[in-house]
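Heavy-atom basis, side chains included; hydrogens, waters and symmetry copies ignored.
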Number of protein chains: 4
Amino acid sequence: MLSQQEAGHLTSIKPRMRRKDARPGELIQAALEVFVERGYAGARLEDIAGQAGVTKGTVYRYFRNKQDLFEAVVHATLGALIHRGRAVLREFEGPSIELLDQVVTAWWQGVVMTKASALPKLMFSEAGNFPALARFYYEHVIEPGRWLQRRILERGIARGEFRRVDVDCYVHFIIGPLLYVQCWDHSFACVVPGTQLCDQRFLGAFLEHLHAALLVESGTERLA
Amino acid sequence: MLSQQEAGHLTSIKPRMRRKDARPGELIQAALEVFVERGYAGARLEDIAGQAGVTKGTVYRYFRNKQDLFEAVVHATLGALIHRGRAVLREFEGPSIELLDQVVTAWWQGVVMTKASALPKLMFSEAGNFPALARFYYEHVIEPGRWLQRRILERGIARGEFRRVDVDCYVHFIIGPLLYVQCWDHSFACVVPGTQLCDQRFLGAFLEHLHAALLVESGTERLA
Amino acid sequence: MLSQQEAGHLTSIKPRMRRKDARPGELIQAALEVFVERGYAGARLEDIAGQAGVTKGTVYRYFRNKQDLFEAVVHATLGALIHRGRAVLREFEGPSIELLDQVVTAWWQGVVMTKASALPKLMFSEAGNFPALARFYYEHVIEPGRWLQRRILERGIARGEFRRVDVDCYVHFIIGPLLYVQCWDHSFACVVPGTQLCDQRFLGAFLEHLHAALLVESGTERLA
Amino acid sequence: MLSQQEAGHLTSIKPRMRRKDARPGELIQAALEVFVERGYAGARLEDIAGQAGVTKGTVYRYFRNKQDLFEAVVHATLGALIHRGRAVLREFEGPSIELLDQVVTAWWQGVVMTKASALPKLMFSEAGNFPALARFYYEHVIEPGRWLQRRILERGIARGEFRRVDVDCYVHFIIGPLLYVQCWDHSFACVVPGTQLCDQRFLGAFLEHLHAALLVESGTERLA
DNA sequence: TATGAATGAGGATTCATTCAT
DNA sequence: TATGAATGAATCCTCATTCAT
């Protein structure tokens, strides 16, 4: 999130000043990690501060309170998510399956493989405690995401590339395994060594799986 | 989870007695709901007790402490999960796709549609805070579940019914959408009305999706 | 405030139960004392609890928070104040100067000589921090009190007993010295030994002072 | 408090310089206001600094700490009080009632109508928290003030001008209403608009009141 | 001299846990 | 067995104070 290369050749600038600008981002990063690991209620402000290399009180210079920090974490991380989504939307040419591959791959590289991957688990956990935030997340991440996938599926079907599947349900078959990876890698994988799911093999197999499931091949159309 | 029929023909017995036997189960039910809604740290013993119709102090007659109660919740709910799994394992005849349908349907009816559906979200959230419990859950629910699915997939491939997919990954493509439904319905669905995912249409579409993705049809084998 | 005689012959009742009923009153008493001594912000919940013979947490069983406790203190003490005022108003016979004596004496015995005497200093100090409470106090204590005095003065003037003074100002000349005693005895008197003002001599001299200042008399010199 | 005339003909000097000299006084002014409004504990250094147009850190260039600032406020304001008192003491001729009028009027103009009027309320509030300061205030303001009034009363009685009143008590009847005005105007009057007491009418009525109460007169009814 | 970022002690508040009834 | 009053450890949060710039 924060450019660590930049920080490198800025040593000339007074650390105090530089800090000031970097702090909010550092705190948000630290908070994301601790919130994901412990849950909102279980996360101690002191730990978050410690993770960011400061003390308790400093957090309150940048965030009104714990809830404010939490919302900042979600909004900051959410930005990355939305940004990735939009990037893909523009280039809308060629076979639909390639479009789908692109979207899935973009999500994989832009979310699953980044710190942002932790957010969905966090939102699942805390939606009940932060209804307003959950609704915000729903409108700004989930709805657009589902809409994007639905359009691709409908395009593929319309062009005779995809089977005539139940589009409303299918979006969940696509996102489900991806979120499973994200939830897993931020929970059990931390506790049962060697079970990390996020690797290249998973992505490849998943794309192959979607191809097989969606493509109308050798002329035979199958329907439920 | 708790046999409500049983409770039915025990009305003659004095409530005091019945109460005593039912209490632990009622508390576990209540605790499951509150834990799922609020997370472990966010759940207050008083709310759990209230949900079960008793007061705080009573909880301590049946459970040593909060952590003990939490583990009891997981173990009790987990029992249902494992039980369902075993049930399917025995009857191991016929085409592999039917076997898969049976397993998925059994999970749907035995887990997704029951209170036990809440457990995975809870485990994702609290795995980091309860490593031992997470490992226990991994060994007794996840590992067996994955093993079962792997065997079915391998059987189908061996018998030429299924495409030669990456079995290790495929188990996640199967469980992913199901867990997504469960996580969703216990988080966002409580907060964004009308977005419940668990309905018959989903199951039907999902089975159709698996058929299309797995079955070797019209003799043509497809590979990535 | 709380009947301590009653408590005496109730020893048979279980202490736990008796406590429960007595607690709020005890806490309010303790809080009044600590608030007066330290001011609102300077008063520590722990000290208040200690003063009442309990621990911090117990306060929160009876009062939502510090502010709630503070308001309870004011309301409880205020009750006594208002009650005294009303009591005197009813018996409205005889010479106006006797009425005035009665009212002043009633305030002296019902407020100045009791714990309630501490309240005005507290309200002066905290009016700025609790505007709503201050307005409430103004409406329910000050306004009625001033109205009562104004009526007495007007009555005396109308009946030719009192000089034709500026009634609106005069109410302050009456209450001023009384509140001075109260503020003094709860501040400097605690710190400069032997300067307590509340004694019988003060009351006597004050009544004599009011007589001299108000009565329309005929050239006779009066002495206490 | 700070001579504004002086400040006037220093405009030529660079603001930086002027600033430096004016700072302590500006801070003390600001602190007086905030302390009076919020009480000692409730006043935040940051607010005081803001009120003075500087930032928190600057306060510490001029005052060791919060307590030091508080004492400076009291001492500085106290200076005005004492100064006014002394001024009256010198000219000790003519009828005693005129002397009393002079003293009361001097206090009114030199204290009640100035910023110094806020001090008594502050001292009442914080005497318990600053015993040494309270004793200092007692010795340097209260004792001399009472002594002055006592001497005037005794003089009037000795010369047959005043009734033979209880001098020790009477000083409180004189100062009581004046302090009431001061406490009121810095507390309730800020919160209940239109209830300010400090106006010319009050002073006139009060002097008339004292005349009526003290003077040995011959049957004449007096009116304001 | 002035700033404001950072600290950390202190106090409000919550809640798991105990225990007398 | 159930209750709920009481406890006190834990945590959020505030703000006086320090100090590098």
Side-chain angles (χ1 to χ4, degrees), chain A residues 13-23 41-49 52-69, chain B residues 15-17 19-20 23 41-49 53-69, chain C residues 13-23 41-49 52-69, chain D residues 16-17 19-20 23 41-49 52-69:
Chain A
I13 299 182
K14 338 175 186 192
R16 211 41 168 317
M17 250 29 195
R18 205 161 50 65
R19 235 61 243 272
K20 164 91 200 266
D21 295 344
R23 273 288 133 74
R44 294 174 8 193
L45 262 287
E46 198 155 12
D47 290 342
I48 293 173
V54 295
T55 55
K56 237 178 349 172
T58 303
V59 178
Y60 289 87
R61 176 162 297 282
Y62 301 97
F63 303 95
R64 201 186 321 287
N65 53 32
K66 193 181 184 181
Q67 179 162 344
D68 193 39
L69 174 58
Chain B
R16 215 17 168 343
M17 281 263 135
R19 262 298 119 114
K20 188 191 160 185
R23 272 288 137 75
R44 302 185 321 164
L45 261 289
E46 199 153 14
D47 290 344
I48 293 172
V54 296
T55 53
K56 231 178 357 173
T58 305
V59 178
Y60 287 84
R61 184 156 298 281
Y62 299 99
F63 304 95
R64 197 187 321 285
N65 53 32
K66 193 182 185 182
Q67 179 160 345
D68 191 39
L69 173 59
Chain C
I13 297 180
K14 334 175 188 196
R16 209 49 169 307
M17 249 31 197
R18 205 160 52 64
R19 239 46 248 275
K20 162 93 199 276
D21 294 344
R23 272 287 133 74
R44 295 174 7 194
L45 262 287
E46 197 154 14
D47 291 343
I48 294 173
V54 296
T55 55
K56 241 178 343 174
T58 303
V59 178
Y60 288 87
R61 175 162 299 281
Y62 300 98
F63 303 96
R64 201 186 320 288
N65 53 33
K66 195 181 183 181
Q67 178 163 344
D68 192 40
L69 173 59
Chain D
R16 217 13 169 349
M17 282 264 136
R19 262 294 119 114
K20 187 192 161 185
R23 272 288 138 75
R44 302 183 323 163
L45 262 289
E46 199 154 15
D47 290 342
I48 293 172
V54 296
T55 53
K56 233 177 355 171
T58 304
V59 178
Y60 286 86
R61 183 155 301 280
Y62 299 99
F63 303 95
R64 197 188 322 287
N65 53 32
K66 192 182 186 183
Q67 179 160 344
D68 192 39
L69 173 59

To the nearest Å, give me how far apart [atom1] ([X]) and [atom2] ([N]) are.
X: B:D68; N: E:dT17; atom1: CG; atom2: C1'; result: 13 Å
X: B:I48; N: E:dC15; atom1: CD1; atom2: C1'; result: 12 Å
X: C:R61; N: F:dG8; atom1: CZ; atom2: P; result: 15 Å
X: B:Q67; N: E:dC15; atom1: CD; atom2: P; result: 18 Å
X: D:D47; N: F:dT14; atom1: CG; atom2: P; result: 13 Å
X: A:L69; N: F:dC12; atom1: CG; atom2: C1'; result: 13 Å

Exercise: identify the closest heavy-atom pair between [X] and [Y]:
X: A:A41; Y: B:A41; result: CB-CB, 3.6 Å
X: C:A49; Y: C:V59; result: CB-CG2, 3.8 Å
X: C:D68; Y: C:F63; result: OD2-CA, 3.6 Å
X: A:I48; Y: A:A43; result: CD1-CB, 4.4 Å
X: C:R61; Y: B:K56; result: NH2-NZ, 4.5 Å

Distance below 4.0 Å between [X] side-chain N/O and [N] OP1 or OP2:
X: C:T58; N: F:dA5; answer: no
X: D:Y62; N: E:dT1; answer: no
X: A:T55; N: E:dT7; answer: yes

*Which comes earlier along DNA chain F counting from the 5' end, the contact point of A:G57 or that of C:V59, where each point is its nearest nucleotide?*
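Closer to the 5' end of DNA chain F: C:V59.
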I'd like a table of atom pairs between the protein and nucleotides 10-12 of chain E - only N or O on both sides, under 3.5 Å - with the distance next to each one.
unit_1, atom_1, unit_2, atom_2, d
E:dG10, O6, A:K56, NZ, 3.3
E:dA12, OP1, C:A43, O, 3.0
E:dA12, OP1, C:L45, N, 3.4
E:dA12, OP1, C:K66, NZ, 3.2
E:dA12, OP2, C:L45, N, 3.1

*Rounded to the nearest 0.5 Å, how far apart are CZ of D:R64 and CG of D:L69?*
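Rounded to the nearest 0.5 Å, the CZ-CG separation comes out at 12.5 Å.
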*Considering residues at least two apart in sequence or located in another chain, which fulfil the salt bridge (Lys or Arg N to Asp or Glu O under 4.0 Å) criterion with B:R44?*
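Partners of B:R44 by the salt bridge (Lys or Arg N to Asp or Glu O under 4.0 Å) criterion, ordered by chain and then number, come out as B:D47.
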*Please, what dot-bracket string fits DNA chain F when only Watson-Crick and G-U pairs with both distances under 3.5 Å count, crossing ones use [ ] and pairs to another strand use |?*
.||||||||||||||||||||
